[in-house]
K.L.:
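Structure below; questions to follow.
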Amino acid sequence: MTTTGNGPAAQTLRGLLATTGAGPAAEAPAQRGTARRAVETAGPARTVAAAVHAAGGVDAPAARRLRELAAQLGDSATRWLGVHDALVRHRGTLPALLAAVPAPAPPAAPGQTRPPEPRSVPATLALLLEHAAPEAAATALAALPDRTLEHLLAGGALPGPSLTAAVVAHGDTRVRTALARHPRLDTRVLARLLGTRDPAVGAAVFRNQRATPSLRRTLAHRLDEVPMDAALRAELTDPAREVPRTWLAPLLGCGDPQLVGRALAAVEVRGVAQQYALVRVWERAGADALRALLADRNVSRYLARPVVAATLAALDEDDGPGAAPRRLYESGEPYEDPARLPALLAVMRGTSSLRDLLSEPYVHDIAALSRAHAARPFMPKACEELARHEDASDEQRHAFRLSVLNEPWRRGGRRSGNITPPGQRLAEEELDENAARWAEGMAAAGLLDPAALVHAARPARHALAALDRLARRGLLTGAAHAQLRSLAGTHLGDRPAAWAAIDDLLPAHDGTLYDLITAAGRTAGPQEGPAPATDGGSGAAATSVAGAAAVADGAPTAGAAAPVAATAPVVATAPVAAAAPAADAAPAAGEAPDPGAVPGSGAVPAAGAAAALGDVRGSVAASTAGAAPAAHGVPGPGVGPDAGNAPGAGAGAEVGSAPAAGAGAEVGSVPAAGAGPDSGSVLTAEAGPDTGSAPAAAAGPDIGSGGAAGAGRAGEAGAAAGGGEREAHGEAPPATPPAAPRGPVERAALAALDLLRSLAGGDAPLPEDPGVLRFLARHSRADAPGLATPVWLRRACAAQGIRPPEGRFWYVAPLPAQLRNQPLSPPSTLGSSAVPTERAYLQGIVTPEALLDGLPARHLLQVPYDWRRFAFVQAWRDALARRLRAALGTDADAWLRLAATAAARADRTFDDTSPDISWLELIRLATAPGAAGPRAAEPPAAAGPARRPAEAAAWFRPGTGAASAGGPGPGGWRWPPGHRRDAPGRPAPGPRPGTRPSRRPVTRRLG
């Protein structure tokens, strides 16, 4: 059994102890009255919503004050519209504005455009409307402009429950239709909107992506009472239009010949469903309409032959009103029987069959479905649809959702329905390899207390994996975190042997995590007292429960290093004599070369090296084969960029690969001196000038091996040997730092040390602990300060014989020349490949002005959704706004020329292989003498083949492309709003004669 206590399971447990428990207990509650003060004092008035949100949300005092303010406006549409128009320019508080409401702004004159309102205006209006009387809120919404109504009801955050109820109960068609378009509206609200029996509102509900098949079926089956909206009907019956299957399947039982014919031709269903659809046409439209439908080849060719034959035979045997259709229906599937669907879902197991059953016109009796599900659980796919049914109560939704959440952890390895509560499952069943996914879903839904995974889940290996996933997702509660800290402090303490027993016992342990930690403490023997920190603060203090508690609480305790400066004591205790020379000093004869040499010495790639900023994987150009070493061991210009891997004259040794003199085993994975002519061997002092390694004679013993010759590898085996010797003398073995940074605290150690060393000046000694250096050497490029491995770390690793991790190099920062010669080129879809650009911007390597010249203009016109989380996008947008204000000002013709140039260059880029054009190039072309006029959007003849408008439109679409940047587009000309927010005193450019202003201002901004 190893005694390092640094195995994977122990590291995972330390990481759990170092995290802060989530949940309500971890968040400090807002002070009562803070939100009310925000309502009273926030300015300008339109920022009240943001201030209340920052104060923790609306509490009781704030709600009372908001009701008082809303009551001042009453149900006067003029006063509400006046508040809306004044919020854009009012600089005072909200109570001051409502005390003297100005008159609404006059309507815009023909051809006049107005800047779009800030998004804070609808947010503050929504806060007032939520606390207004229902009739007053409905009156106010009817008076607001379309753009504001879209922000309030059709997009963004969901409207509050009071405002939603006011719209459903008192709103007009326009207001209700806007609410019905919200993509995240609950199906129960959609059902209430459908119950208003308004055709336009019903059409919006039908088109909503969250509408269930039963909601759409309700609209289609009441055509005799409420006619279908004409636009929706035309859309559904147009054979040339592609309509989703989920829109057409509910039409099967509506009885309208035109709608049923469209559904039968487009949706593949069973023969019994086709027969039912024909029966419904017969009952609603008559036998003649059914015969005409069967005679239509566009419909009949999709019908099953037995269905057509049976229907024609029934038509010939028609012996009375309603008798023949009823016999035909009784010979098929009883779709109108409420007990039929529950019976089928209880026995159906195929996913495709379940989808067909839910799309066919069965009656959905949610009470009968719930009873059947409780008796024999349905498959998760069926429960996923029923959990959002508009007629389901909260309890019924919970029962259906429980089966969906239980799906990852399958009972007996079979996929089936399961409504067992999570606590009962933990007590009765054993977790499998999918337990982490199961625990995440249950904890996110609030159905599982993560503390149960500590004392009730088994086996321990799966429980530990589940807790680790919850911690990474921020779902580990304070109770679970406190329980883990108590267990570790009681049974593991500061004993490396106890921590090592975790990894030794875990694979075969079938009990709970509680039992595992208890058994590990017994295996290592009794704990006599807290062991002193002998690792020099190298990060092994995380082994200590006190250190873990300090990390969790955000403050260091006695004997535990602070999280950021976890390795600072190493710098303070290292001998001053180990300090490396200055970066520009060449080493003397016989000394180890400086692995952090300045550019030009081989430590960085040459100016022509193909190492772009976008490549952050750490791989650089390989060293030139056969490159001659320079004098004094400093590599010449032909040497590769890895300063820690510079070969000498025929030596091939690497920096930091020298073992202790006479060491008989492999140390640091490099053979000892005399091991043979291997390219990784180390030359002795007499072997000539060594360009990449320290002389073996000057190498001291490996600190990590305990000073024992022949200790084997300098890692765990050396620590084990040294630990055993110290235990024989009655000394406590030192704690070992983690093998690699894990978690945000450990990943920040290198940057924190680099900052401390920069503050200490040039007198800071180099760290000497091999364990600490190996820990720091395993950093990623994203965690390296300036995207480069610090010079002091490379020197310290070279002095201790530590190479970069296997398969990697020391990271080197990209040169400015490389950034200028090879511009950035992130993709236009997902944000994963834009991470290099984000890292370069955050590290200060790329400035916002450099982004203007290095990134294609079209990426800012169509910002991918995932890019919104990156800081460089906003910096890029702000830099462009400043540049456009300086270059174009308020000259409308200049803006038009810029848009025309952008459209022309977009077409040219599709037709040739030239690189994407940047914003600086666009501005230069638009402002150059002889630039294209405002209407000249065609590229010059020499630009390439004839343009392809369809392809150009893929980049510059109306409202999101060149038109939204200020140029003419297929959707009409639109003004650029980038300069308006930052220059309120500057007049906005007016429309030029002959241009057609947009009917709808642009809401997206460049600055």
Side-chain angles (χ1 to χ4, degrees), residues 180 182-194 205-221 243-254 263 266-270 272-273 276 333-408 410 415-419 438 441-442 444-445 447:
H182 200 290
R184 294 188 290 118
L185 202 62
D186 190 84
T187 55
R188 287 179 283 202
V189 179
L190 291 174
R192 292 163 57 193
L193 288 170
L194 192 61
V205 172
F206 193 95
R207 294 188 180 98
N208 193 294
Q209 63 185 11
R210 290 185 59 85
T212 60
S214 55
L215 273 176
R216 296 190 174 105
R217 194 177 300 118
T218 300
L219 184 144
H221 286 203
V243 181
R245 182 184 186 277
T246 54
W247 289 20
L248 295 176
L251 305 177
L252 288 171
C254 68
V267 180
E268 183 179 356
V269 293
R270 297 184 299 165
V272 290
Y276 177 76
E333 181 73 4
Y335 285 103
E336 299 174 2
D337 183 3
R340 182 59 176 169
L341 182 61
L344 292 175
L345 292 179
V347 298
M348 195 67 65
R349 291 293 175 262
T351 302
S352 300
S353 302
L354 289 171
R355 183 191 61 200
D356 293 339
L357 286 178
L358 294 174
S359 64
E360 290 181 5
Y362 285 100
V363 172
H364 285 194
D365 186 344
I366 199 66
L369 289 168
S370 298
R371 289 192 299 269
H373 176 61
R376 187 171 183 179
F378 301 159
M379 291 293 288
K381 178 62 178 176
C383 294
E384 187 177 352
E385 292 294 329
L386 295 175
R388 61 189 192 94
H389 198 281
E390 63 275 9
D391 294 333
S393 63
D394 291 338
E395 294 78 11
Q396 292 167 342
R397 289 188 173 191
H398 171 77
F400 289 126
R401 193 180 182 192
L402 191 59
S403 183
V404 178
L405 295 174
N406 270 325
E407 195 273 336
R410 300 176 180 178
R415 189 168 186 263
S416 60
N418 193 338
I419 58 173
W438 172 85
M442 287 291 183
L447 303 178

K.L.:
Given 3.5 Å as the limit, does a donor-acceptor pair link the side chain of His364 with the main chain of Ile366, or not?
P.N.:
no
K.L.:
I need the minimum non-hydrogen distance between Ser403 and Gly417, along with the two atoms involved.
P.N.:
OG-CA, 3.6 Å
K.L.:
When the side chains of residues 336-349 are checked against the rest of the protein, which donor-acceptor pairs come out under 3.5 Å, sequence neighbours left out?
P.N.:
from: Glu336; atom 1: OE2; to: Tyr276; atom 2: OH; distance (Å): 3.4
from: Asp337; atom 1: OD1; to: Ala339; atom 2: N; distance (Å): 3.2
from: Arg340; atom 1: NE; to: Glu333; atom 2: OE2; distance (Å): 2.7
from: Arg340; atom 1: NH2; to: Glu333; atom 2: OE2; distance (Å): 3.4

K.L.:
With distance as the sole test, does Asn418 use its side chain to make a donor-acceptor pair with the main-chain N or O of Asn406 at under 3.5 Å?
P.N.:
no
K.L.:
With side-chain hydrogen bond (donor to acceptor under 3.5 Å, both in side chains) as the test, pick out the partner of Thr212 among His389, Glu385, Glu390.
P.N.:
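Considering His389, Glu385, Glu390, a side-chain hydrogen bond (donor to acceptor under 3.5 Å, both in side chains) with Thr212 is found only for Glu390.
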K.L.:
How far apart are the closest heavy atoms of Leu358 and Ala382, and which atoms are they?
P.N.:
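Distance-wise, the nearest heavy atoms are CD1-CA, 4.1 Å.
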K.L.:
Taking all heavy atoms of Leu405 and all of Trp438, pick out the closest pair and write down the distance.
P.N.:
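Heavy atoms only, the tightest pair is O-CD1, 3.4 Å.
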K.L.:
Return the minimal non-hydrogen interatomic distance between Ala249 and Val267, and the atom names on each side.
P.N.:
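So the two residues come closest at N-CG2, 4.0 Å.
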K.L.:
As an exercise, state the distance from OG of Ser359 to CG of Leu248, rounded to the nearest 0.5 Å.
P.N.:
11.5 Å
K.L.:
Report the C-alpha separation of Leu219 and Val205 in whole Å, then their side-chain angles, then the decisive distance to 0.1 Å, and conclude whether the side-chain contact (heavy atoms from CB on, under 4.5 Å) test is met.
P.N.:
CA-CA 9 Å; Leu219 184 144; Val205 172; 5.7 Å; no
K.L.:
Check whether Thr187 reaches the backbone of Arg388 with its side chain - one donor and one acceptor, N or O, closer than 3.5 Å.
P.N.:
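Here the side-chain-to-backbone pair exists.
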K.L.:
Using 0.5 Å steps for rounding, measure from the CZ atom of Arg270 to the OG atom of Ser353.
P.N.:
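Output value for this atom pair is 8.5 Å.
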K.L.:
Distance from Leu185 atom CG to Asn208 atom CG, nearest 0.5 Å?
P.N.:
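The CG atom of Leu185 sits 6.5 Å away from the CG atom of Asn208.
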K.L.:
Find the distance between CG (Leu386) and NZ (Lys381) and round it off to the nearest 0.5 Å.
P.N.:
11.0 Å
K.L.:
Would you give the length of the straight line joining atom CG of Leu369 to atom CG of Asp391, rounded to the nearest 0.5 angstrom?
P.N.:
10.5 Å
K.L.:
Sequence neighbours excluded, which residues qualify as salt bridge (charged side-chain N to carboxylate O under 4.0 Å, His left out) partners of Arg217?
P.N.:
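Result, salt bridge (charged side-chain N to carboxylate O under 4.0 Å, His left out) vs Arg217: none returned.
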K.L.:
Tell me, do His398 and Leu447 make a side-chain contact under 4.5 Å, heavy atoms counted?
P.N.:
yes
K.L.:
Give, for atom CD1 of Ile419 and atom SG of Cys383, the distance between the pair rounded to the nearest 0.5 Å.
P.N.:
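Answer for the CD1-SG pair, Ile419 versus Cys383, is 8.5 Å.
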K.L.:
Quick one: closest heavy-atom pair of Arg401 and Ala387, and the distance?
P.N.:
N-CB, 4.2 Å
K.L.:
Checking His373 now: which residues fulfil ring-ring contact (aromatic ring centres under 6.0 Å, His included) with it, not counting sequence neighbours?
P.N.:
Phe378, Phe400
K.L.:
Name all residues meeting the salt bridge (charged side-chain N to carboxylate O under 4.0 Å, His left out) criterion together with Arg397; count only those two or more places apart in sequence or in a different chain, and write none if there are none.
P.N.:
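For Arg397 the salt bridge (charged side-chain N to carboxylate O under 4.0 Å, His left out) partners, ignoring immediate neighbours, are Asp186.
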K.L.:
Can you sort out the partners of His221 under ring-ring contact (aromatic ring centres under 6.0 Å, His included), two or more places apart, ordered by chain and number?
P.N.:
none
K.L.:
Test: salt bridge (Lys or Arg N to Asp or Glu O under 4.0 Å). Region: residues 361-372. Which pairs qualify, not counting sequence neighbours?
P.N.:
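Sorted pair list comes back empty.
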K.L.:
Indicate the atoms forming the closest heavy-atom contact of Leu357 with Tyr362, along with that distance.
P.N.:
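Minimum heavy-atom contact is O-CD1, 3.5 Å.
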